[in-house]
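So the structure is just underneath, and the comments pick up after that.
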Amino acid sequence: MSRKKAEDRGPQSQPGACRHMAAAVDLPVFGSYTYQLSEALAPQAEAGKRVLVPFGHRKVTAYLLGPAPPPENVPAKHVLDILDETPLFPREMLSFFQWTADYYLHPLGLVIKTALPAGLNLKENSQLQITSTGLRMLETEALPPLEEAVLRSLAQAPCRREDLSARIGMPVPGLLVNALADAGKLCRKKVLTRATTGKRLERWVFLCSNDNGRHRLTEKRQAVIDLLQTEGALPVGVVKDRLPKAASVITAMEKTGLVRVEKKPVYRDPLGSPITPDSAPTLTEEQRRAAEAIRGTLGQGFAAFLLAGVTGSGKTEVYLAAADAATAAGHPVLVLVPEIGLISQMERRFRARFGEVVAILHSGLSAGERYDQWRRIAAGQVKIVVGTRSAVFAPFTDLGLVIVDEEHDPSYKQETGLRYNARDLAVVRAKALGATVVLGSATPSVQSYHNAQTKKFQVLSLTRRVAQRSLPEIQVVDLKTVRGLKGVEGYITPALRKAMRTTLARGEQVLLFLNRRGFANFPVCRACGNAITCAHCDITLTLHRGSNAFRCHFCGFSRPATTACPTCGADRIHLMGLGTEKVETGVKALFPNARVARMDQDTTARKGAVRDILKGLRDRTTDILIGTQMVAKGHDFPHITLVGIICADLSLSFPDFRAGERTFQLLAQVAGRAGRGEQPGRVVLQTYNPDHFSILSAQAQDFLSFYDREIAFRRALRYPPFARLIQIRITGKDKARTQRQALALGTHCKALRASRPVYAGTIDVLGPIEAPVSRIADRYRWQILLKGAGVNPIQRFVRELISAHPGIFNDRHLTVALDVDPVDML
Ligand code: ADP
Ligand code: ZN
């Protein structure tokens, strides 16, 4: 990766009149570039600010990184503008961004862009504009109707190509646009489009003190003055609320100079309803010891803990105690949770304990809200942040404590763009800042537990639930024995039904878990035997009764559910397979008086839906909740005393070396939702594989027995944590070309490996193979898996591969993505 590539010639400059700075551009290019600053701009230039720079023939946003020596041969191009008044991130974060870019083999500018709240950047867009030739023709000549319509519209105002058809109300072919451009009747002009996010401004009233007391004032005016005198400047809205007739008065007073109205930026408050403050309970002996150990490391440099505590053992209280100690010592705290749905619970518990100092950061906030939170953090106004994975990039400079709750959760891995793992980056960041990091889970990842075994992490165990509560008793039902049963009996077995009836009769709540949404995921034609598959993916469609459509869970393609078999035309589609929607229908039929809710991707698309569903559980207006893995995660609902696992096997057969780990985690986690209150809980676990060790150890809720089996298997097959992986994913719309390039890249990999003893001895090249899902959204998918003892040689290998074969990596018809430490193997 070449750094400081010399840019083409910039404007001539006086020696000494400017200085040079390195910048990372917001484009998929590796390395950083040096730009020079004019005398006018130089004083405002600061690392962490965005600038507008020329790059090739474009103008793009870039991030200033810091002073740099001038390039040797050619003068550097000039920074065109500085876009921020204050840096968006502290300088200290640069080394973290650089580390992330190097480790995940991702361009630095795009790493910074991923880290920053979305929507900040200026973009250059092309607009169509009429030329003087075009104008003349329009006036003087008879033109074909469509051509005339286009030019007449552009004569009124320039327009983006993609908006043109809508603007004139008929389709405009690209050929016509090109022909008009070639004939010089219109031209393409580049314009900067404004960023979509900015500070929100609010109107405030200020008192102008010099006029005070000189005039005799009306009652209304005096009231405004009194209010501003006692409370200081206030938003106009607040003044109007307090003094209902103030609106017209303020305008009049502004005219006479008594008050001044000015716009001030405001911070939007994304938080929900008020929370009752609480105080810490008396910790159990185990909690106290864990909190004590963490507290002892605060402010003492880097320390890493794995808090392994069974479900309901009170891990959150340990986090709260540790956070209390950190904030008391003046160190901010970052708390990561795997999913938006879990933020509200964590946020409530933190706010109940610490009050209004808690900020939240996640993708469910509007761009503006995120931007505001970001600025508050950067300004050092926030003591505690609770957020999802991207919050690992929050602009703290002096973190004292980082907490990663449910550290085993695959949601910490981002699967597009910068494919980072927030759990791993949390450890890296803590290390760089000399902070303490606590990874917590009832089912630690094999990776983290191995790190504990090899003394990278210190283990803190919570072996018992709080208040002498017992872990739920798990009854396994072998689904093979009920194979003959039809309809709902086939998935809500008599044992589960009986348990549900007893639980509901006692006024307690039931949680049913099935890790698949929709109604039926395997519709097959009884006439021709073909499955109903997606037109764009290599996958069967799932019936969704709610929207009466077959839907693709990969690309969103849908087909009306009323259609006949697309292969043979027969009207005999048989709905095989099971999803949460079908379970819901069955349960409602079996228990017509129960209040049933469902939580999966389909029911939670609306903003606030997750909160509403969880509120139903908390307020006990829901008796039975049916859900996918969304319900398995860390929720704490004391009145759930029965958990039914409809089919435990769905994740076992995945072509993924972590299938056993995922299955164990899901089952143990969902089982752990039962019996967290005063009443003991029980679990009915239905499975076709009652003898599989993942299921046996979940039944025993015994992480260690699972770990011992699993780690032996990983060691024998040389899978992580005994090897490191980088997955190269090659996708493209052209089937033949994608395959050809994938095979070529495979050949290059093997040649490169053979060419150096260091590679031959340490790296395995597996593939290229067609991905298990060979096509998604019309893109054909291939993969090459690189496996090695350490990650450094594989990274070096990939860098060498990229520079030796730019043709493949820059092929416009392909996407070649690099996935370091891949999680999704499909
Ligand atoms: P985990 O995250 O380990 O599954 P939680 O932290 O959610 O468990 O705690 C489970 C429940 O026990 C919560 O309702 C919590 O308020 C309660 N709890 C935790 N610690 C104590 C304690 N020391 N005394 C009383 N209740 C506690
Ligand atoms: Zn599809």
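When a ligand or atom number is given, it counts from 1 through the structure's own listing order.
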> At the 4.0 Å heavy-atom cut-off, does Gly309 count as touching ligand 1?
Replying inline: no

> Taking the non-hydrogen atoms of Ser313, is any one of them nearer than 4.0 angstrom to ligand 1?
Replying inline: yes

>> Please work out, at 4.0 Å between heavy atoms, whether the side chain, the backbone, both, or neither of Thr282 comes within that distance of ligand 1.
In response: backbone

>> Counting only heavy atoms closer than 4.0 Å, does ligand 1 sit against the backbone of Gln287, its side chain, both, or neither?
In response: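 Near ligand 1, Gln287 shows its side chain, while the N, CA, C and O stay back.
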
So, the side chain of [X] versus the backbone of [Y]: is there a donor-acceptor pair under 3.5 Å, distance only?
{"X": "Glu347", "Y": "Val386", "answer": "no"}
{"X": "Asp656", "Y": "Arg658", "answer": "yes"}
{"X": "Thr628", "Y": "Asp600", "answer": "no"}

> Can you give the angle Cys534 SG - the Zn ion (ligand 2) - Cys537 SG, rounded to 10°?
Replying inline: 110°

>> Return the closest protein heavy atom for atom 21 (C) of ligand 1 as residue, atom name and distance.
In response: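 Going atom by atom, the protein heavy atom closest to atom 21 (C) of ligand 1 ends up being Val466 CG1, 3.6 Å.
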
> Which of the listed options, Arg349, His635, Glu317, holds the heavy atom that is closest to atom 15 (C) of ligand 1?
Replying inline: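 Comparing heavy atoms across Arg349, His635, Glu317, the nearest one to atom 15 (C) of ligand 1 lies in Arg349.
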
> Among Gly314, Pro638, Ala321, which one has a heavy atom closest to atom 9 (O) of ligand 1?
Replying inline: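 Nearest heavy atom to atom 9 (O) of ligand 1 lies in Gly314.
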
> Just wondering, are more than 12 heavy atoms of other shown residues or ligands nearer than 6.0 Å to CZ in Arg464?
Replying inline: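 No, because the 6.0 Å sphere around CZ of Arg464 holds 12 heavy atoms or fewer from other groups.
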
>> Looking at Phe519, I'd like to know if the NZ or CZ of Arg545 sits under 6.0 Å from its six-membered ring centre while staying within 45 degrees of the ring's axis.
In response: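 Yes, a cation-pi geometry.
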
